[in-house]
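First, the structure itself, so that you have it in front of you.
Note that these values count all heavy atoms, side chains included, but never hydrogens, waters or copies made by symmetry. Reminder, nothing fancy here: chain letters follow the sequence lines and each chain counts from 1.
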2 protein chains.
Amino acid sequence: MQLTGNLLIGQQSVPGSNGSIKAVNASTGAAIEPAFGGATLADLDRACALAWTAFDVYRETAPEARAAFLETIAQNILDIGDDLIERCMIESGLPRARLEGERGRTVGQLRMFADVVRNGDFLGVRIDPAQPERKPLPRVDLRLRHIGVGPVAVFGASNFPLAFSVAGGDTASALAAGCPVIVKAHSAHPGTAELVGRAVQKAVKDCGMPEGTFSLLFDSGRDVGQGLVADYRIKAAGFTGSRGGGTALMKIAAARAEPIPVYAEMSSINPVLLFPNALKNRAESIAKAFVSSLVLGAGQFCTNPGLLLAVDGPDLDKFIKAASAALNETAAQTMLTPGICKTYQSAVARAAEHTGVTTAARGVEAKGDNQGQSALFVTTADAFRKSHDLQEEIFGASSLVVRCPDLATMLALIESLEGQLTSALHIDEADYADARSFLPALERRTGRLLVNGFGTGVEVGHAMVHGGPFPSTADGRSTSVGSLAINRFLRPVSYQDLPDALLPDALKTENPLGLNRRIDGKLQLAK
Amino acid sequence: MQLTGNLLIGQQSVPGSNGSIKAVNASTGAAIEPAFGGATLADLDRACALAWTAFDVYRETAPEARAAFLETIAQNILDIGDDLIERCMIESGLPRARLEGERGRTVGQLRMFADVVRNGDFLGVRIDPAQPERKPLPRVDLRLRHIGVGPVAVFGASNFPLAFSVAGGDTASALAAGCPVIVKAHSAHPGTAELVGRAVQKAVKDCGMPEGTFSLLFDSGRDVGQGLVADYRIKAAGFTGSRGGGTALMKIAAARAEPIPVYAEMSSINPVLLFPNALKNRAESIAKAFVSSLVLGAGQFCTNPGLLLAVDGPDLDKFIKAASAALNETAAQTMLTPGICKTYQSAVARAAEHTGVTTAARGVEAKGDNQGQSALFVTTADAFRKSHDLQEEIFGASSLVVRCPDLATMLALIESLEGQLTSALHIDEADYADARSFLPALERRTGRLLVNGFGTGVEVGHAMVHGGPFPSTADGRSTSVGSLAINRFLRPVSYQDLPDALLPDALKTENPLGLNRRIDGKLQLAK
């Protein structure tokens with residue numbers, strides 16, 4: 001499939017004239033064709049105007065129509081075929097199997113949200129029927145549903161060029177909520193972005209959705225991204241990336257005449273806690289699983305285990321020895337971009353030179369350009385407590401083991417940590433009592449707690465939380481993965497004494513959409 | 001009941017030493033005893049430390065215990081008896097019947113949240129059971145519940161000294177969510193605040209809740225309020241008041257090392273739309289009802305009808321004539337504070353002198369100090385469009401009628417309005433088609449749409465939205481009235497592969513709390 005390098009503004013394919021970007025072959029560092037023209041502010045304005053016009057129509061599309069639209073996007077992505085995987089492999093350096101899996105996840109997410117739309121529970125329908133006889137005053141008829149917040153800006157993520165990019169989780173949940181989407185493509189995979197963008201653009205047409213339901217913009221600098229979040233027609237933003245990038249967008253959003261929410265997923269070191277009995281009984285098997293998780297995808301996961309805490313002693317020595325042996329054999333892997341690789345290498349070098357930090361192991365040395373060599377460091381509780389910079393995320397396959405004198409110190413260190421996406425406890429039954437005493441501190445700063453596993457597997461389901469207190473995300477009241485992610489783009493509206501003729505279908509007395517409803521506070525299932 | 005003038009920090013009653021405030025008799029302007037000592041930053045720190053310590057215990061209290069606590073607060077407020085009403089009448093200038101009604105609402109809100117806690121749906125339990133046989137990878141067990149965000153700062157509102165103050169909607173919903181609360185008392189009703197604060201403090205003790213579950217602070221300036229929102233242990237804030245005050249808190253919250261949500265309810269002019277047939281058939285009865293709503297509580301409601309739009313012509317003349325006649329007879333009413341009254345009088349004087357604005361009617365002239373004389377102004381669509389300041393809320397019994405040349409202009413003016421708490425449509429059946437074309441624009445900027453009524457009655461129920469896009473509130477994704485208000489103070493946490501022994505009761509397989517649960521995405525009612 002031929003790439004055009006064009007912006008997708010509604011149903012148009014338009015050359016961008018504000019500078020240009022080219023993708024880089026992640027393995028070789030060579031620029032690859034074609035050039036993608038950056039959007040001008042006029043292009044941005046047109047995309048926003050189209051999205052604004054589309055909003056009222058799109059948000060009132062019938063559930064079946066909106067669900068079919070999401071499913072059509074999924075099918076159109078599959079229909080691109082292997083061209084998508086091949087282009088994405090070159091741009092991201094990620095291997096085929098991973099990207100095929102990620103495509104499956106992307107398509108699965110879209111289909112899950114189609115089911116969510118059909119199910120209709122996301123509308124949160126509540127009806128408090130009128131009580132004309134109530135004393136001293138009659139009660140009015142009140143009905144509540146949720147509607148989309150408005151057009152949403154989505155920023156593609158470098159580390160999930162399919163599942164958290166143009167038609168990824170943010171886009172799928174915003175579209176499901178009834179919000180038009182304008183995507184700012186990530187400069188690391190513009191070709192992948194165009195291919196997927198065209199699949200969405202075609203679905204808009206195939207399904208007769210309003211033109212402005214979707215646009216895709218390339219940005220040769222930062223003006224388009226910042227301009228999007230600042231535009232008065234944009235009512236929320238979804239972002240996955242660096243802490244610097246995310247907090248910059250949060251500032252722009254807060255400074256608007258009308259502040260808007262930014263759902264930025266930014267930074268997490270995902271502490272792993274080894275409890276004494278598990279460590280004693282399973283040091284070696286945990287070590288192997290830990291290293292597998294650490295090096296997965298060259299460590300470029302938001303949920304990568306960047307910190308490990310355990311009580312010092314021979315069992316921990318055994319763990320470190322086994323983990324080091326496993327890590328020594330891990331091959332260097334191509335990273336997403338030369339910039340990310342360079343940042344990783346400097347961060348690892350800084351950690352290695354850090355007072356109080358020793359290098360336990362390094363992976364096999366890099367043979368090619370842009371490859372990340374994995375790293376395992378060890379430090380003491382004292383050194384960790386004194387150096388806040390040891391808490392900073394190193395994006396890549398690097399982790400830090402902290403030798404704690406006892407469990408109380410381990411808990412105190414947990415209390416010193418910032419917000420996290422995940423926290424993992426490795427425990428045997430004899431550890432349950434100790435683990436229980438850690439739960440409150442972990443719940444307060446973590447979106448997902450897990451036992452005897454690692455956070456790198458992120459199941460896309462209904463009970464998933466991929467989110468957590470700042471700075472792991474901008475807004476710990478939300479998740480960006482799983483069906484609950486739709487809530488980010490909804491707001492409640494109440495209707496008082498409207499005649500049935502004027503009520504939206506979701507609130508009509510006869511319940512034509514067959515929705516579960518909360519009547520006078522009590523949930524009632526449809527039929 | 002003797003007032004102490006003391007701060008309530010946990011179970012302590014402590015004299016504040018950082019300056020002091022006295023209440024003012026709203027009718028006479030005279031300062032009244034006792035003096036209330038302002039909190040020092042050390043007092044603030046102690047309240048925050050206690051709240052922080054209380055959080056882990058309080059948030060895990062059993063539903064029945066927490067519900068009983070909320071009910072005990074309600075009962076303790078009733079047990080104060082008439083002392084509360086009398087003190088509140090003096091401090092607020094509001095009449096007895098209104099305050100008795102407001103006490104009923106306050107108590108009703110607490111009891112409603114007790115029911116919400118017992119019901120347990122607010123926990124939003126979701127379970128995606130493990131699928132050990134799934135290919136290619138087994139599926140983990142994932143369970144989700146919501147927990148409180150952490151200690152919450154609540155700012156008492158001047159215009160609801162009971163229902164939106166110390167034990168009002170923000171406090172009730174935060175406590176229901178499992179969050180300790182620190183209230184910054186409003187300086188307009190410190191005596192009322194102390195009485196209610198002691199009722200809450202006693203309930204904490206009566207019910208064996210952790211000491212830091214509740215504190216009440218007085219502020220002789222702005223340091224305590226601002227310090228509360230800035231404190232790292234505070235995780236959300238609830239505020240009802242001016243746009244200036246609310247946006248100042250939003251700025252403080254956004255600038256923290258860990259930004260937090262501020263739920264500020266600030267500013268709304270609540271447009272009333274008269275459609276042609278309703279106007280033709282019912283001009284006079286609508287006019288009477290409009291004036292009744294306008295002057296209710298001296299117009300000091302967030303949902304006061306401050307703007308009325310209709311198509312110009314003889315029917316509108318008839319409406320204005322009837323409304324003017326009714327308004328002419330409305331007595332001047334004591335306002336909440338001399339400051340509020342002065343601001344009201346200047347705003348009304350400015351409106352009267354505004355180019356393009358004519359004064360249609362004034363109420364009976366004020367006879368005492370601190371009384372607000374109601375006002376009705378008329379302008380043209382042109383003048384309204386040109387003067388953004390005519391959109392600014394005048395807090396008090398003042399409203400502006402805009403003569404529109406046609407419905408299209410009326411809709412265009414709606415599109416120029418900022419976010420609103422309520423919008424009211426007055427329609428007969430023959431107006432339905434026209435009204436329908438207004439709904440999208442109204443939904444986009446309003447929390448509650450209502451037909452043939454006025455927004456001033458705010459039913460406390462499950463389907464109420466008292467909230468709307470900025471600047472009506474800081475965060476249009478929420479409501480501050482009704483059971484949905486609890487969502488403001490919750491965040492989701494996911495638990496992966498935890499043994500039953502470590503799961504919170506809400507997520508245990510046997511469902512010991514008897515909760516409705518979403519299993520694999522499908523709602524299942526308990527029993």
>> I need the residue from A:R139, A:E258, A:R143, A:E459 with the largest number of non-hydrogen atom pairs under 4.5 Å to chain B.
In response: A:E459
>> Can you tell me which portion of B:M250 sits under 4.5 Å from chain A's heavy atoms? Options are side chain, backbone, both or neither.
In response: side chain
> Top residue by heavy-atom pair count (under 4.5 Å) with chain A, among B:V149, B:N119, B:L484, B:L439?
Replying inline: B:L484
>> Keeping B:R448 on the side-chain end and A:Y495 on the backbone end, is there a donor-acceptor pair under 3.5 Å?
In response: no
>> Using every non-hydrogen atom in the two residues, find where B:I127 and B:L507 come nearest and quote the distance to one decimal.
In response: CD1-O, 4.2 Å
> Who among B:R518, B:R444, B:M464 has the most heavy-atom pairs with chain A under 4.5 Å?
Replying inline: B:R444
> Is the closest side-chain donor-acceptor distance between A:S483 and B:R126 under 3.5 Å?
Replying inline: yes
>> Between B:R105 and B:G101 (side chain of the first, backbone of the second, donor and acceptor by atom type, cut-off under 3.5 Å), is there such a pair?
In response: no
> Where does A:I147 contact chain B at under 4.5 Å (heavy atoms): side chain, backbone, both or neither?
Replying inline: side chain
> Which region of B:A424, side chain (C-beta onward) or backbone (N, CA, C, O), has a non-hydrogen atom less than 4.5 Å from a non-hydrogen atom of chain A, or is it both or neither?
Replying inline: neither
> Between A:A254 and chain B, which part of the residue has a heavy atom less than 4.5 Å away: side chain, backbone, both or neither?
Replying inline: side chain
> Which answer fits B:F55, side chain, backbone, both or neither, if we ask what part of it has an atom under 4.5 Å from a heavy atom of chain A?
Replying inline: side chain
> Picking from A:G150, A:P261, A:G453, A:P504, which has the most non-hydrogen pairs under 4.5 angstrom with chain B?
Replying inline: A:P261
> Looking at A:D128, A:D497, A:I519, A:V125, which one has more heavy-atom pairs under 4.5 Å with chain B than the rest?
Replying inline: A:D128
> Okay, side chain of B:R256, backbone of B:I252: is any donor-acceptor separation there less than 3.5 Å?
Replying inline: no
>> Under 4.0 Å between a side-chain nitrogen and a carboxylate oxygen: does that hold for A:E60 and B:R436?
In response: no
>> Is the ring pair B:F438/B:F275 parallel, tilted or perpendicular, if the boundaries are 30 and 60 degrees?
In response: perpendicular
> Most heavy-atom pairs under 4.5 angstrom with chain B, which of A:D121, A:V116, A:T479?
Replying inline: A:D121
> Charged N to carboxylate O below 4.0 Å: is that the case for A:R243 and A:E418?
Replying inline: yes
>> Between B:G419, B:G447, B:G476, B:A257, who has the most heavy-atom pairs with chain A when the cutoff is under 4.5 Å?
In response: B:G447
> With respect to chain A, which residue among B:A435, B:A463, B:G124, B:P469 yields the maximal number of heavy-atom pairs within a distance under 4.5 Å?
Replying inline: B:A463
> Which value, rounded to the nearest 0.5 Å, describes the distance between A:L450 atom CG and B:L498 atom CG?
Replying inline: 8.5 Å
>> Taking side chain as everything from C-beta outward and backbone as N, CA, C, O, which of these in A:R488 sits under 4.5 Å from a heavy atom of chain B? Side chain, backbone, both or neither.
In response: backbone
> Non-hydrogen atoms of chain A under 4.5 Å away: do they reach the side chain of B:T446, the backbone, both or neither?
Replying inline: backbone
> Does any heavy atom of chain B fall under 4.5 Å from the side chain of A:A433, the backbone, both, or neither of them?
Replying inline: neither
> A:S478 versus chain B, heavy atoms under 4.5 Å apart: side chain, backbone, both or neither?
Replying inline: backbone
>> Looking only at the side chains, is there a donor atom on one of B:N270 and B:T422 sitting less than 3.5 Å from an acceptor on the other?
In response: yes
>> Need one label for A:N516: side chain, backbone, both or neither, based on atoms under 4.5 Å from any heavy atom in chain B.
In response: side chain
> A:N487 versus chain B, heavy atoms under 4.5 Å apart: side chain, backbone, both or neither?
Replying inline: neither
> Which one of B:R59, B:M112, B:K251 has the most heavy-atom pairs closer than 4.5 Å to chain A?
Replying inline: B:R59
>> How close do A:P440 and A:S437 get, counting heavy atoms only, and between which atoms?
In response: CD-O, 3.8 Å
> Side chain, backbone, both or neither: which part of A:P471 has a non-hydrogen atom closer than 4.5 Å to chain B?
Replying inline: neither
> So which of B:P259, B:P136, B:G461 has the biggest tally of heavy-atom pairs under 4.5 Å with chain A?
Replying inline: B:P259
>> Please classify the contact of A:I427 with chain B as side chain, backbone, both or neither, using a heavy-atom distance under 4.5 Å.
In response: side chain
>> Taking side chain as everything from C-beta outward and backbone as N, CA, C, O, which of these in A:V493 sits under 4.5 Å from a heavy atom of chain B? Side chain, backbone, both or neither.
In response: both
>> Rounded to the nearest 0.5 Å, what separates atom CD in B:E415 from atom CG in B:L442?
In response: 8.5 Å
> Is a salt bridge present between A:K522 and A:D520, judged by a nitrogen-to-oxygen distance below 4.0 Å?
Replying inline: no
>> At a heavy-atom distance under 4.5 Å, which candidate from A:E429, A:H466, A:K235, A:R134 has the highest pair count against chain B?
In response: A:R134
> Would you say A:Y432 and A:D434 make side-chain contact, with heavy atoms under 4.5 Å?
Replying inline: no
> Any donor-acceptor pair under 3.5 Å linking the side chain of B:T473 with the backbone of B:G468?
Replying inline: yes
